[in-house]
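Okay, structure first, notes after.
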Amino acid sequence: MRVSIFALTALLGSAVALDKIVIKDNKFFNSVTGDEFFFKGLAYQPENGEPDPNNRDPLADTVGCKRDIESFKDLGINAIRVYQTDYTKNHDVCMAALEKAGIYVVLDVPAPSYAINRAYPEWTTDLFAKFRAKVDNFSVYKNVAAYVIGNEVTNDDKTTPAAAFVKAAARDIKAYLKKQNITTPVGYASNDEPSIRDQLAAHFVCSENNSENVDFYGMNLYNWCGDMTFETSGYEEFVKQYASYPVPVLLTEYGCNAQRPRKFPEVGSLYGSDMDTVFSGGFMYEYSEEANNYGLASVTYGKTGVEKTDDYDNFKKALAAVSPKGVKMSEYKQSSAKRPSCPSVTDTWHVAPKILPPTPSSASCQCISSSFSCAIKGNVTDSDAGKAGDLIGNVCKDVSCSEIQTNTAKGEYGHYAFCDVSVRASYAVNAYYEDKKQCKADGFDTQTAKPSSKADSCADKTTDINTPSNNNGRVPTVDDSELEDLESGSSSGHRSSSGSSLGTSAAGSVSMLALASTQVAVVFAAAMLI
Ligand SMILES: *[C@@H]1O[C@H](CO)[C@@H](O)[C@H](O)[C@H]1NC(C)=O
Ligand SMILES: *[C@@H]1O[C@H](CO)[C@@H](O)[C@H](O)[C@H]1NC(C)=O
Ligand SMILES: *[C@@H]1O[C@H](CO)[C@@H](O)[C@H](O)[C@H]1NC(C)=O
Ligand SMILES: *[C@@H]1O[C@H](CO)[C@@H](O)[C@H](O)[C@H]1NC(C)=O
């Protein structure tokens with residue numbers, strides 16, 4: 001008996017799950033305790049010594065993440081925001097170690113090699129596939145608190161068209177997660193560009209159909225520098241502006257470094273009565289010291305050493321001094337919620353209200369491809385994508401290509417504009433062929449073919465919402481020994497208080513990892529009792 005109880009406790013001790021964070025109206029809540037949840041977060045993207053700088057991933061560096069988790073616990077944070085990760089790598093150990101330490105992860109979905117490009121924005125079958133692969137690779141971890149669909153994509157009044165595609169991406173990833181009964185919120189992180197601030201904030205939440213809106217809105221704010229105050233920094237104005245905003249707002253980045261060491265006076269306001277009724281906390285930028293001088297500590301990929309800057313203790317002290325109480329979920333109802341109307345097109349805002357780019361459909365792209373009588377031979381490689389873009393531009397001066405073109409200001413989206421560049425280039429050369437009877441494409445070989453489908457049957461095929469990625473459905477496995485060197489039991493996280501009992505109410509909030517251990521433990525205990 002003694003042995004079995006001991007074994008049981010040991011197993012559960014390392015497998016206690018973090019409670020799920022949910023949204024009600026404009027606030028985050030702990031779904032188990034019903035307490036309001038505030039992100040006491042830190043931006044986390046150490047770059048020094050990364051073996052593959054074009055493909056960064058701190059959650060795949062098990063030495064690095066375990067090293068920094070000790071700092072996270074010491075600092076008293078409860079969440080990190082991670083910008084770049086690689087869905088072809090394994091994250092089981094770091095994600096389990098973070099969960100054990102009580103740390104949630106807010107994960108950016110794009111990566112440098114697959115993101116909506118603010119200069120040439122599009123939302124394609126290829127991008128959607130990569131975004132699905134990313135969320136599939138991370139949705140198995142119960143401490144993923146939220147996804148960020150884009151960071152400062154539209155960042156001035158020249159790049160507003162990108163906002164149309166980013167909102168379409170949020171809509172489609174939300175629908176994709178919903179299909180799998182995953183309720184992790186999807187939001188956007190905006191820079192604070194005064195000329196388009198109001199339009200952007202309205203754009204992302206203005207749809208009547210809530211499935212098209214982001215679930216939360218983040219602002220990257222650096223206005224509070226040095227000895228400024230709540231009033232002089234302008235933060236007071238933000239609180240007024242967002243008081244009736246229909247979804248939660250948080251600071252997805254903050255921490256002006258005009259004066260170092262930083263003392264973080266804004267932390268008191270963010271988690272105190274100045275702001276805690278409107279903002280759900282935020283993420284201080286950033287953990288690691290990089291060339292831009294925002295770090296709390298210098299660290300190197302794969303190495304254990306941590307060299308703190310003066311900011312480290314200042315941030316720790318500032319956080320230790322706050323304890324936002326918030327409201328209870330059961331008692332809360334936003335009294336002043338007001339859905340803004342979608343911004344109208346102006347000289348500086350180039351997105352038509354209400355009409356979003358369509359959901360990518362590989363079936364439509366395959367269908368239209370097999371309707372071509374003349375096409376590019378083989379697929380356009382990544383390195384030839386620019387050349388293919390030029391080809392499309394040139395050919396489409398002579399023939400009509402509206403089906404592969406978009407105009408966000410007019411709300412016009414061709415049926416095949418979401419197809420990858422190979423299909424679009426072939427669409428253009430086929431249009432040229434039909435018009436001029438010449439099958440040619442500058443810089444590419446072409447081939448003629450006997451069409452096997454009719455173009456006018458290709459527009460409304462099923463979308464890729466139902467197409468899982470290769471990562472879908474896997475259950476992570478972490479050997480407890482991999483987490484042995486980590487002390488458990490940080491007080492910063494919001495753990496399920498019922499985690500140490502085996503009641504069914506606890507089971508609802510345990511992670512798959514915990515569930516696996518629990519089942520083992522129950523079987524083991526039952527055997528010992530007999
Ligand atoms: C994420 O993808 C990598 C590479 O395919 C794989 O090793 C890992 O197991 C995946 N993780 C999950 C949870 O699917
Ligand atoms: C999602 O939940 C619904 C309703 O409970 C269920 O019918 C469906 O099978 C679930 N889908 C998945 C992928 O788990
Ligand atoms: C709302 O939008 C979602 C996602 O595009 C769509 O699946 C759903 O049918 C829409 N609902 C209504 C009532 O239009
Ligand atoms: C071109 O790409 C498509 C989709 O990725 C793939 O199915 C097809 O096999 C490729 N064709 C060639 C010739 O490589």
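Everything numeric in this text was worked out from a predicted model, so none of it was measured. Indexing begins at 1, ligand by ligand and atom by atom, following the structure's order. Atoms considered below: every heavy atom in the structure, side chains included; atoms not considered: hydrogens, waters and symmetry mates.
In this structure, Lys24 fails the cation-pi test against Tyr332, since its NZ or CZ atom is not both closer than 6.0 Å to the six-membered ring centre and inside 45 degrees of the ring normal.
Set against the non-hydrogen atoms of Lys179, the atoms of ligand 2 under 4.0 Å away are 13 (C). Each of the following atoms of ligand 1 lies closer than 4.0 Å to a heavy atom of Tyr141: 13 (C). Remark: ligand 1 atoms within the under-4.0 Å shell around heavy atoms of Thr88 are 3 (C), 4 (C). Within the listing of ligand 1, atoms 1 (C), 2 (O), 3 (C) sit less than 4.0 angstrom from a heavy atom of Lys89. Residue contact check: Val140 has heavy atoms under 4.0 Å from atoms 13 (C) of ligand 1.
Comment: Arg424 does not engage Asp420 in a salt bridge, judged by the lack of any side-chain N to carboxylate O separation of less than 4.0 angstrom. Electrostatic pairing of Arg171 and Glu212 does not count as a salt bridge here, judged by no charged N lying under 4.0 Å from a carboxylate O. Glu47 and Arg56 are joined by a salt bridge, as a carboxylate oxygen and a charged side-chain nitrogen come within less than 4.0 angstrom of each other.
The shortest distance between side-chain heavy atoms of Asp92 and Tyr141 falls below 4.5 Å. At least one side-chain heavy atom of Ile368 sits less than 4.5 Å from a side-chain heavy atom of Tyr427. Residues Asp172 and Pro360 are in side-chain contact: their nearest non-hydrogen atoms beyond the backbone lie under 4.5 Å apart. By the 4.5 Å heavy-atom criterion applied to side chains, Glu122 and Ile116 are not counted as neighbours.
The only option from Tyr104, Phe37, Phe39 that meets the ring-ring contact (aromatic ring centres under 6.0 Å, His included) definition with Phe28 turns out to be Phe39.
Within 4.0 Å of ligand 3, the residues that place a heavy atom are Arg171, Asn209, Ser211, listed by chain and number.
Contacts between Tyr87 and ligand 1, counted as non-hydrogen atom pairs separated by less than 4.0 Å, involve the backbone only.
Not one N or O on the side chain of Arg132 forms a donor-acceptor pair closer than 3.5 Å with the backbone of Ile173.
On a distance-only criterion, Asn137 and ligand 1 share at least one N/O pair closer than 3.5 Å. By the 3.5 Å distance cut-off applied to N or O atoms, Gln180 is not counted among the residues near ligand 2.
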